[in-house]
Protein chains: 2
Amino acid sequence: MPKPDVDPTVSLDLSVDRSSPVPLYFQLSQQLEAAIEHGNLTPGSLLGNEIELAARLGLSRPTVRQAIQSLVDKGLLVRRRGVGTQVVHSQVKRPLELSSLYDDLEAAGQRPATKVLVNTVLPASAAVAAALGVPEGGDVHRVERLRLAHGEPMAYLVNHLPTGLLDLGTEQLEATGLYRLMRSAGITLHSARQSIGARSATAAEAERLAEAEGAPLLTMQRTTFDDTGRAVEFGDHIYRPTRYSFEFQLLVRP
Amino acid sequence: MPKPDVDPTVSLDLSVDRSSPVPLYFQLSQQLEAAIEHGNLTPGSLLGNEIELAARLGLSRPTVRQAIQSLVDKGLLVRRRGVGTQVVHSQVKRPLELSSLYDDLEAAGQRPATKVLVNTVLPASAAVAAALGVPEGGDVHRVERLRLAHGEPMAYLVNHLPTGLLDLGTEQLEATGLYRLMRSAGITLHSARQSIGARSATAAEAERLAEAEGAPLLTMQRTTFDDTGRAVEFGDHIYRPTRYSFEFQLLVRP
DNA sequence: GTAGTCCGATTGTCCGGACATACGCATTGA
DNA sequence: TCAATGCGTATGTCCGGACAATCGGACTAC
């Protein structure tokens with residue numbers, strides 16, 4: 001007598017298209033992720049063993065494992081040797097990516113706007129030169145922007161970039177975020193070093209952000225590197241804490 | 001005539017111990033990571049192809065790939081199809097893990113101290129109940145701690161935990177961090193949801209942290225989940241921004 | 001001289017199998 | 001009654017091979 005079927009993936013209508021250029025493991029991981037997202041795979045449920053899943057889909061076990069592993073890395077699944085793979089009791093949304101404020105606001109349904117206050121080239125100060133790894137006094141771009149949401153000022157952004165990487169049109173800067181511009185210029189972002197702190201607003205800062213002098217501000221400094229290790233951007237940002245806070249999810253790596 | 005040898009890994013004295021219980025791919029990735037750390041593999045240098053490396057070590061290509069992949073995930077290496085694998089021009093230290101303030105301070109050479117102000121069990125407020133996923137009014141632990149470094153107050157930490165997970169001895173809380181206690185109680189931390197902001201200090205907060213009333217404070221709220229998805233901790237922390245800021249590195253996931 | 005094409009090199013994907021290891025549970029033993 | 005043992009099951013590790021996709025440079029054609 002066959003044991004009762006409790007594998008939730010059998011009722012999931014999983015399938016792969018071998019003629020597609022999309023890798024098989026990726027097709028599978030996307031379908032599993034969608035099933036988790038839509039509640040077809042309920043949190044806590046066991047996934048049924050890899051061997052059988054591979055056989056049912058006509059895939060090899062390494063391919064199935066690769067699909068599952070990618071979801072484990074995303075924090076959606078947990079594997080236990082001798083037990084099985086089960087869906088994490090979610091709460092997981094997105095595990096913190098290198099996001100631009102512009103994209104964040106847009107995704108949140110706030111309509112972001114940007115006002116470019118300064119867009120020029122000038123000699124690098126000592127701090128900027130050190131952060132970007134360029135000679136002090138050498139030319140760098142300097143961009144100062146005011147970011148608004150629903151017409152209200154939300155952040156004041158100062159960025160320095162090495163020259164020669166991309167053209168910074170003021171119109172483009174007002175239409176989208178800096179990261180999107182860099183990506184479309186062929187720069188592949190790799191990592192960033194961030195520092196988040198707080199301090200009181202100076203008189204000038206207070207006026208720009210429509211806050212009172214001495215009001216608490218949220219500060220963020222960030223240096224971004226591309227995959228060759230070059231620093232491609234150094235940002236010094238201040239945010240109004242009543243309007244913005246940093247929200248993110250992070251995973252414990254085992 | 002053989003082509004000139006430019007593979008930097010040949011002079012690296014890599015070797016694996018097949019009698020060790022440590023997985024082969026892990027042995028290899030650790031040796032490569034150490035070589036990068038010590039400068040024996042210079043940033044930007046190409047790694048020589050996987051096939052040859054596998055042959056030289058007496059390993060299969062999948063095993064070598066697994067080792068390399070783990071370092072790619074850490075941000076230390078970059079792969080390019082048709083080109084090779086090269087060492088990232090570093091700056092990478094650690095890609096943001098779920099760290100406790102206590103461990104951070106200890107690692108930074110500051111000698112952390114903890115003063116437990118409150119350690120009790122009480123009915124959950126609505127906010128705490130919602131964060132922990134327990135019924136409102138049910139029992140929860142409440143811990144209030146003052147964290148000091150070099151005798152100076154640095155942060156004020158309020159934590160709520162479900163009852164029944166672990167015993168919270170005041171002595172233990174003063175000797176180490178909360179996360180270390182949870183891990184040693186057999187709880188496997190999985191993910192956390194964080195929110196970082198800023199606001200002005202109330203009179204009571206100012207006194208506890210030796211700041212002026214209205215001084216800017218850095219705030220962090222965090223809910224931590226174990227691998228079954230249960231919320232195991234809810235923290236509401238305030239930091240003195242003149243003494244502490246959040247520093248971390250993050251990777252762009254491709 | 002310039003643009004397009006071909007080709008070698010290298011990683012990306014996938015397969016089918018083998019054995020090791022750890023967990024949970026039932027059985028056995030004191 | 002309770003602890004120790006054994007067993008089934010699932011994931012973890014590893015192998016050797018095969019073909020595809022892409023990059024960069026050399027070569028060729030215009």
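Note that these values count all heavy atoms, side chains included, but never hydrogens, waters or copies made by symmetry. Remember, predicted model here, so these are calculated numbers, not experimental data.
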Peer 1: Pairs under 3.5 angstrom, nitrogen or oxygen only, protein versus nucleotides 19-22 of chain D, please.
Peer 2:
from, atom 1, to, atom 2, distance (Å)
D/dA21, O4', B/R81, NH1, 2.9

Peer 1: With the side chain of B/R18 defined as its heavy atoms from C-beta on, choose the nearest nucleotide among C/dC15, C/dT13, D/dC14.
Peer 2: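 Ranking C/dC15, C/dT13, D/dC14 by closest atom to the B/R18 side chain puts D/dC14 first.
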Peer 1: Over how many whole Å does the gap from B/R79 atom CZ to C/dA9 atom C1' extend?
Peer 2: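 Answer to the nearest Å: 16 Å.
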Peer 1: Could you tell me the separation between the CD atom of B/Q27 and the C1' atom of D/dC14, rounded to a whole number of Å?
Peer 2: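 Interatomic distance, CD of B/Q27 to C1' of D/dC14: 13 Å.
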Peer 1: Would a distance-only check, ignoring hydrogens and angles, find a side-chain to backbone donor-acceptor pair under 3.5 Å from B/Q27 to B/D17?
Peer 2: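 Yes, because the side chain of B/Q27 sits within donor-acceptor range (under 3.5 Å) of the backbone of B/D17.
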Peer 1: Can you list everything that forms a ring pair (Phe, Tyr, Trp, His ring centres under 6.0 Å) with B/F246? Sequence neighbours excluded, please.
Peer 2: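 Testing B/F246 for ring pair (Phe, Tyr, Trp, His ring centres under 6.0 Å), a comparison that skips the adjacent residues, returns B/Y239, B/Y244.
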Peer 1: Can you tell me how far P of C/dC15 sits from CG of A/L57, to the nearest Å?
Peer 2: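 After rounding, the gap between these two atoms is 10 Å.
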Peer 1: Base, sugar-phosphate alone, or nothing: which one does B/P23 contact when heavy atoms must sit under 4.0 Å apart?
Peer 2: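 Sugar-phosphate, backbone atoms only, no base.
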Peer 1: Side chains of B/Q69 and B/Y25: any donor to acceptor distance under 3.5 Å?
Peer 2: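 Per modelled atom types, B/Y25 and B/Q69 side chains form no pair under 3.5 Å.
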Peer 1: State, without any angle test, whether B/E174 and B/T114 hold a side-chain donor-acceptor pair at a distance under 3.5 Å.
Peer 2: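 Looking only at side-chain atoms, B/T114 and B/E174 do not form any donor-acceptor pair under 3.5 Å.
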Peer 1: In this structure, how many angstroms lie between the C1' atom of D/dA18 and the CD1 atom of B/I51, rounded?
Peer 2: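 Interatomic distance, CD1 of B/I51 to C1' of D/dA18: 11 Å.
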Peer 1: Please step through side chain to side chain contact (heavy atoms under 4.5 Å, CB included) for the pair A/F225 and A/T223, ending with a clear verdict.
Peer 2: CA-CA 7 Å; A/F225 304 91; A/T223 309; 3.7 Å; yes
Peer 1: Find which nucleotide of DNA chain C each of B/R80 and A/F26 is nearest to by heavy atoms, and output the residue with the more 5' nucleotide.
Peer 2: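 That would be B/R80.
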Peer 1: DNA chain D: A/I68 or B/L59, which has the more 5' nearest nucleotide?
Peer 2: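 Closer to the 5' end of DNA chain D: A/I68.
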Peer 1: Check this one for me: any side-chain N or O of A/R65 less than 4.0 Å away from OP1 or OP2 of D/dG12?
Peer 2: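 Yes.
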Peer 1: Under 4.0 Å between a side-chain N/O of A/T85 and OP1 or OP2 of D/dT11, yes or no?
Peer 2: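 So the side-chain polar atoms of A/T85 do come within 4.0 Å of the phosphate oxygens OP1 or OP2 of D/dT11, strictly under.
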Peer 1: Mind calculating the distance between CD (A/Q66) and P (C/dC15) to the nearest angstrom?
Peer 2: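 One finds 10 Å between P of C/dC15 and CD of A/Q66, rounded.
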Peer 1: Check whether any side-chain nitrogen or oxygen of A/T63 sits under 4.0 Å from OP1 or OP2 of C/dC15, and answer yes or no.
Peer 2: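 So the side chain of A/T63 is within the cut-off, an N or O lying under 4.0 Å from OP1 or OP2 of C/dC15.
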Peer 1: According to a strict under-4.0 Å criterion, is A/Y25 in side-chain N/O contact with OP1 or OP2 of C/dT13?
Peer 2: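 For C/dT13, OP1/OP2 do have a side-chain N/O of A/Y25 under 4.0 Å.
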Peer 1: Please identify each residue that fulfils side chain to side chain donor-acceptor pair (under 3.5 Å) with B/T42, with sequence neighbours left out.
Peer 2: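 Scan of B/T42 (side chain to side chain donor-acceptor pair (under 3.5 Å), adjacent residues dropped) gives none.
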Peer 1: Taking CD from A/E52 and P from D/dA10, how many angstroms apart are they, rounded to a whole number?
Peer 2: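 It works out to 8 Å between those atoms.
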Peer 1: Among the candidates C/dG12, D/dT11, D/dC14, find the nucleotide nearest to the side-chain atoms of A/N49.
Peer 2: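 From the listed options, D/dT11 comes nearest.
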Peer 1: Looking at B/I68, B/L71, B/V78, B/N49, which hits side chain to side chain contact (heavy atoms under 4.5 Å, CB included) with B/T85?
Peer 2: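 Single pass found, and it is B/I68.
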Peer 1: Round to the nearest Å and state the distance from A/Q69 atom CD to C/dC14 atom C1'.
Peer 2: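 After rounding, the gap between these two atoms is 17 Å.
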Peer 1: Whole angstrom is fine here: how far is it from CD in B/Q86 over to C1' in C/dT10?
Peer 2: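 Taking CD of B/Q86 and C1' of C/dT10, I get 13 Å after rounding.
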